[in-house]
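Here the structure comes first, spelled out in structure tokens, and everything after it is commentary.
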Amino acid sequence: MGHAVEDKRAVSEVPGPEVVMAAGDLGVAAPYDGWPAETLSLPGEITLSVRTTPSAPDAAPAVMVHGLGGSALNWTTSSALLADRLAARAPDLPGFGDSPPPHDGDYSLNTHMRAVEALIEADGRGPVHLMGNSMGGAVAVLLAARRPDLVRTLTLVSPALPYWTPTKWRSQIGTLALPVVGPRLSGRVTRLSPAQRVDGAIALCFADPKAVPPGWRDAAIKDAERRARQTYAADALSRSTRGLIAASLPRSADGLVAALDRVKAPTLVLHGGRDLLVPVAASRRAIRHLTNARLVVLPQAGHVAQMEAPHLVARLVRAHLDSATP
């Protein structure tokens with residue numbers, strides 16, 4: 001079974017905020033508005049906006065999945081730091097970023113999982129190193145359980161996995177799932193100015209707002225401006241929250257609880273010790289069900305460690321890739 005490790009290094013000890021390709025011969029700074037996106041039409045009437053990070057010729061295929069309310073921009077920094085090892089693709093999940101809503105209006109966790117599955121199959125690059133943050137971590141768990149042939153290793157950053165003790169923030173997120181109140185609340189969120197929405201997300205997701213990478217806030221505001229013009233944004237947030245909660249229920253036959261026991265891929269779980277959204281206890285509980293997993297707690301990080309402590313996360317991912325290589 002999995003085991004836990006407490007990482008004592010503070011986020012403040014991570015090297016400076018400048019982000020460059022890890023390979024010296026690449027030397028390309030990561031643009032915080034993201035690598036160029038392309039829109040893909042995939043089987044199953046799935047349309048996804050996908051960003052591809054320039055990488056070394058021999059880099060292994062990887063897919064990086066964002067969390068609830070996020071986009072592919074959440075992985076720009078990490079994909080750049082790992083570009084000598086990983087040829088990363090980062091999709092906007094259906095209804096988020098620049099991806100249109102699902103054709104049938106279904107925002108279940110399985111819908112998001114099928115979108116990632118379709119991307120990997122269409123690329124023909126599997127098995128991939130699959131990485132997910134928050135809801136993206138839950139999506140990655142479902143896919144690794146359902147299609148082990150597509151997943152070479154699994155890296156989960158503060159994954160939104162089942163845990164039942166409420167907190168102030170998780171109670172507010174749960175409210176988004178209510179049939180009537182949820183759309184109204186998410187509508188209020190989307191009516192905030194783009195700068196207000198981004199600053200609110202920073203306060204919620206970063207343990208130290210000063211750790212936001214330079215340039216990322218401006219890029220995120222531009223992304224929020226585009227999202228403010230999307231008529232489906234509030235619905236995507238509310239219904240995806242409802243889908244995540246439904247998949248977390250203990251009796252969900254095809255949900256997260258059952259999926260954890262079926263994951264066989266080597267798994268690294270990274271969890272911020274100051275995460276306001278998902279408690280570390282959720283990951284500690286999860287690795288008891290994973291047969292080949294390791295948990296590292298980052299004491300000074302919040303909910304998006306791959307953005308807040310990207311160099312430290314990249315080092316841990318590299319060690320994970322090395323340990324998983326035959």
Side-chain angles (χ1 to χ4, degrees), residues 17-43 46-67 69-102 112 115-126 128-133 136 139-140 155 157 194 197-198 201 212-230 232-233 236 304 306-307 310 313-314 317:
E18 182 180 357
V19 179
V20 296
M21 291 290 192
D25 58 338
L26 292 174
V28 181
Y32 286 106
D33 57 351
W35 310 106
E38 59 181 321
T39 300
L40 304 179
S41 295
L42 304 173
I46 297 170
T47 302
L48 291 181
S49 175
V50 180
R51 297 180 187 271
T52 303
T53 301
S55 59
D58 59 347
V63 172
M64 302 178 173
V65 189
H66 67 80
S71 73
L73 292 179
N74 292 21
W75 284 103
T76 300
T77 306
S78 289
S79 66
L81 288 172
L82 293 165
D84 62 315
R85 295 287 301 271
L86 299 178
R89 301 266 269 171
D92 291 334
L93 293 174
F96 294 95
D98 289 325
S99 291
H112 293 307
V116 178
E117 178 185 25
L119 172 63
I120 297 172
E121 287 192 316
D123 279 349
R125 305 189 310 155
V128 304
H129 296 287
L130 183 60
M131 306 173 71
N133 170 228
V139 168
T155 300
V157 182
R197 290 170 58 190
V198 170
V212 175
W216 183 86
R217 180 178 179 274
D218 291 339
I221 289 174
K222 291 179 182 178
D223 192 51
E225 288 171 348
R226 291 195 299 270
R227 192 148 180 81
R229 297 190 291 269
Q230 297 170 345
Y232 53 83
V304 287
Q306 82 278 13
M307 300 168 65
V313 168
V317 169

Original post:
Which atom names give the shortest non-hydrogen contact between D84 and L81, and what distance separates them?
Top reply: OD1-O, 3.9 Å
Original post:
How long is the gap from OG1 on T77 to CH2 on W216, to the nearest 0.5 Å?
Top reply: 9.0 Å
Subject >> Residue pair V198 / D223, side-chain heavy-atom distance below 4.5 Å >> reply: no
Original post:
Sub-3.5 Å donor-acceptor pair from the side chain of S79 to the main-chain atoms of T76, do we have one?
Top reply: yes
Subject >> Where A83 and T53 come nearest, the two heavy atoms and their spacing >> reply: CB-CG2, 4.4 Å
**OP:** For residues 87-97, pull every pair meeting side chain to side chain donor-acceptor pair (under 3.5 Å), keeping only residues two or more places apart or in separate chains.
**Re:** E38-R89, T52-R89, R89-D123
Subject >> Contacts of type side-chain contact (heavy atoms from CB on, under 4.5 Å), residue A37, not counting sequence neighbours >> reply: S49, R51
**OP:** Mind telling me whether F96 and H112 have parallel, tilted or perpendicular rings, with 30° and 60° as the class edges?
**Re:** tilted
Subject >> Donor-acceptor under 3.5 Å (R125 side chain, A60 main chain) >> reply: no
Original post:
Does T47 have any side-chain contact (heavy atoms from CB on, under 4.5 Å) partners at least two apart in sequence or in another chain, and if so, which?
Top reply: T39, S41, P100
**OP:** Kindly write out the residues that satisfy salt bridge (Lys or Arg N to Asp or Glu O under 4.0 Å) with E225, not counting sequence neighbours, or none if the list is empty.
**Re:** none
Original post:
What is the distance from atom OG1 of T155 to atom CD of Q306, rounded to the nearest 0.5 Å?
Top reply: 11.0 Å
**OP:** Measure the shortest side-chain to side-chain distance between V317 and M131 over non-hydrogen atoms and say whether it is less than 4.5 angstrom.
**Re:** yes
Original post:
Are the side chain of H66 and the backbone of L93 linked by a donor-acceptor contact shorter than 3.5 Å?
Top reply: yes
Original post:
Mind checking whether P94 and L48 have side chains closer than 4.5 Å, heavy atoms only?
Top reply: yes
Original post:
Okay, side chain of Q230, backbone of G97: is any donor-acceptor separation there less than 3.5 Å?
Top reply: yes
Original post:
Is a side-chain N or O of N133 found less than 3.5 angstrom from the main chain of V157, in a donor-acceptor match?
Top reply: yes
Original post:
Atom CG in L42, atom CD1 in I120: separation rounded to 0.5 Å?
Top reply: 11.0 Å
Subject >> Which atom of A236 lies closest to which atom of G95, heavy atoms considered >> reply: CB-O, 3.4 Å
Subject >> With H129 via ring pair (Phe, Tyr, Trp, His ring centres under 6.0 Å) - residues at least two apart >> reply: none
